2 protein chains.
Amino acid sequence: MTNSASPLGALLCFDVYAVNLAFGRVYKPLLEPLGLTYPQYLVLLTLWSRDGQTVGHIGAGLGLDSSTLTPLIKRLEAAELVTRTRDPQDERRVIVSLTGRGRNLQSEASHVTACIAKATGLTAPEIVQLQSTLAKLRTALHDGVEGPAPAGPARKGPRQ
Amino acid sequence: MTNSASPLGALLCFDVYAVNLAFGRVYKPLLEPLGLTYPQYLVLLTLWSRDGQTVGHIGAGLGLDSSTLTPLIKRLEAAELVTRTRDPQDERRVIVSLTGRGRNLQSEASHVTACIAKATGLTAPEIVQLQSTLAKLRTALHDGVEGPAPAGPARKGPRQ
DNA sequence: ACCTATTATATCGCCTGCGATATAATAGGT
DNA sequence: ACCTATTATATCGCAGGCGATATAATAGGT
């Protein structure tokens with residue numbers, strides 16, 4: 001036992017790291033025919049579930065900053081999958097909306113999610129359990145950085 | 001239920017993605033005083049557990065390719081934390097070994113793992129359970145890409 | 001010994017991911 | 001109305017992450 005002082009937490013981040021990269025590698029060949037990268041797909045997933053979100057809102061969901069999202073979304077815009085328009089109510093906000101092409105891509109991508117679900121090799125209850133633990137973990141990690149938020153709503157994204 | 005066709009697998013990769021980034025953000029302020037990035041720390045973790053591994057071996061553990069590891073390890077070398085020497089038995093291999101400074105850093109970083117374990121907000125059994133599921137998931141995702149490996153040892157890293 | 005296939009690492013270009021910073025718009029206090 | 005603080009997005013530089021490719025060393029067949 002060379003490192004008995006760091007058994008659990010360290011290995012956990014290790015596993016999450018490797019699984020995340022493994023997910024990316026499984027998705028890549030499925031997304032390539034659609035002309036999408038994995039993070040771009042995650043942004044589209046967000047928009048398919050609710051269209052017309054602001055950059056900040058999308059970032060809060062994925063844990064990404066505008067410095068990452070702005071160029072990514074501009075590439076989606078260049079591919080004519082989304083449009084970016086300033087919110088007339090608050091000109092600071094940029095509202096990202098799906099184009100027809102962007103919406104149509106959801107059905108083209110539907111088999112992707114089916115493939116992935118199969119590739120996980122997990123049963124439905126296992127997935128539910130895993131998601132629940134990961135959600136808990138994510139909240140705890142955020143609170144650990146920002147402080148447990150003694151009152152008021154916890155900050156969700158980076159630099160919100 | 002707007003997207004009842006993609007409930008489980010899609011959200012799962014979403015969660016893994018966000019948790020991985022959250023881990024990185026928790027580690028960053030702890031590793032910054034040590035002059036390490038999060039991936040560099042993961043490579044050092046690998047070497048602390050077993051010194052003198054080849055680039056390929058380190059990559060297999062983390063799921064990384066030489067195209068990612070070579071520059072990263074060169075930065076560790078520039079920081080005088082590791083040395084890179086060709087294996088005399090097989091000149092293709094590069095053996096990465098800890099320097100004295102690299103070894104000493106393990107004790108300096110010991111409190112980091114303690115902080116993280118606390119920040120996860122999970123109980124020990126929960127962590128064990130989570131690790132087990134993630135390990136299973138990682139294997140399944142690899143097999144999904146490479147084929148279920150009908151016989152013989154499954155390929156572990158990317159392009160091994 | 002020679003020729004070819006494979007293996008291990010390295011290089012390059014592009015897309016993330018993020019800290020630091022900039023810019024513009026809103027909010028709030030006076 | 002004015003001044004300042006805050007908020008939302010954008011820009012820049014650097015460190016990953018990876019596909020495609022290059023290079024050098026080993027392995028295997030003839």
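Not measured: the values here are computed from a predicted model. Per chain, numbering begins at 1; letters A, B, ... match sequence-line order. The analysis underlying the following values was restricted to heavy atoms, covering all of them including side chains, and did not include hydrogens, waters or symmetry mates.
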Take the protein atom [atom1] of [X] and the nucleotide atom [atom2] of [N], then report the distance between them rounded to whole Å.
| X | N | atom1 | atom2 | value |
| --- | --- | --- | --- | --- |
| B:Tyr17 | C:dT16 | OH | P | 8 Å |
| A:Asp87 | D:dA10 | CG | P | 13 Å |
| A:Ile58 | D:dA10 | CD1 | P | 11 Å |
| B:Gln89 | C:dA8 | CD | P | 15 Å |
| A:Asp90 | D:dT9 | CG | C1' | 11 Å |
| A:Tyr38 | D:dG17 | OH | P | 14 Å |
| B:Asn20 | C:dT16 | CG | P | 16 Å |
| B:Asp65 | C:dC12 | CG | P | 16 Å |

Go through [options] for me and flag the one nearest to the [X] side chain.
| X | options | result |
| --- | --- | --- |
| B:Lys28 | C:dT11, C:dG19, D:dG19 | C:dG19 |
| A:Leu72 | C:dT9, C:dT16, D:dG17 | C:dT16 |
| A:Glu91 | C:dA10, D:dC18, C:dA25 | C:dA25 |
| B:Leu64 | C:dC18, C:dA10, D:dG17 | D:dG17 |

Is the shortest side-chain N/O distance from [X] to OP1 or OP2 of [N] below 4.0 Å?
| X | N | value |
| --- | --- | --- |
| B:Lys74 | C:dT11 | yes |
| A:Gln40 | C:dT16 | yes |
| A:Arg75 | C:dC14 | no |
| B:Arg25 | C:dC18 | yes |
| B:Thr68 | D:dG17 | no |

*Using 30° and 60° as the class limits, which term best fits the ring planes of A:Tyr41 and A:Trp48: parallel, tilted or perpendicular?*
perpendicular
*Rounded to the nearest 0.5 Å, what's the gap from CG on A:Leu42 to CG on A:Leu36? Could you check?*
10.5 Å
*asked:* Please report the interatomic distance NZ(B:Lys136) to CG(A:Leu122), rounded to the nearest 0.5 Å.
replied: 6.0 Å
*Just checking A:Leu69: base, sugar-phosphate only, or nothing, at a heavy-atom cut-off of under 4.0 Å?*
nothing
*asked:* At 4.0 Å (heavy atoms only), tell me whether A:Thr37 reaches a base, stays on the sugar-phosphate, or touches nothing.
replied: sugar-phosphate
*What about A:Arg92: does its side chain form a donor-acceptor pair under 3.5 Å with the base of D:dT7?*
yes
*Got a donor-acceptor pair under 3.5 Å from the side chain of B:Ser66 to the base of C:dA10?*
yes
*asked:* Under 3.5 Å, is there a donor on one side chain and an acceptor on the other for A:Gln129 and A:Ser132?
replied: no
*Going by atom types alone, do A:Arg50 and A:His57 pair a side-chain donor with an acceptor below 3.5 Å?*
yes
*Exceeds 12 heavy-atom contacts within 6.0 angstrom, atom CD of B:Glu91*: yes
*Could you walk me through whether B:Gln40 and B:Arg75 pass the side chain to side chain contact (heavy atoms under 4.5 Å, CB included) check?*
CA-CA 9 Å; B:Gln40 286 168 6; B:Arg75 278 186 281 271; 4.1 Å; yes
*Closest-nucleotide ordering on DNA chain D, the 5'-leading residue of A:Pro71 and A:Arg93*: A:Arg93
*Pick the nucleotide of DNA chain D nearest each of A:Glu32 and A:Thr54; which residue has the one closer to the 5' end?*
A:Thr54
*According to a 4.5 Å side-chain heavy-atom criterion applied to Ile, Leu, Val, Met, Phe, Trp and Tyr, with indirect links allowed, do A:Leu62 and A:Ile95 form part of one hydrophobic cluster?*
no
*Decide, yes or no, whether a salt bridge links A:Arg92 with A:Asp87 under the criterion of side-chain N to carboxylate O below 4.0 Å.*
no
_Runs of at least three consecutive pairs that involve DNA chain C, where pairs are Watson-Crick or G-U with distances under 3.5 Å_ = C:1-30 with D:1-30
_Here's a test of your reading of the structure: between B:Arg84 and B:Leu21, which maps to the more 5' nucleotide of DNA chain C?_
B:Arg84
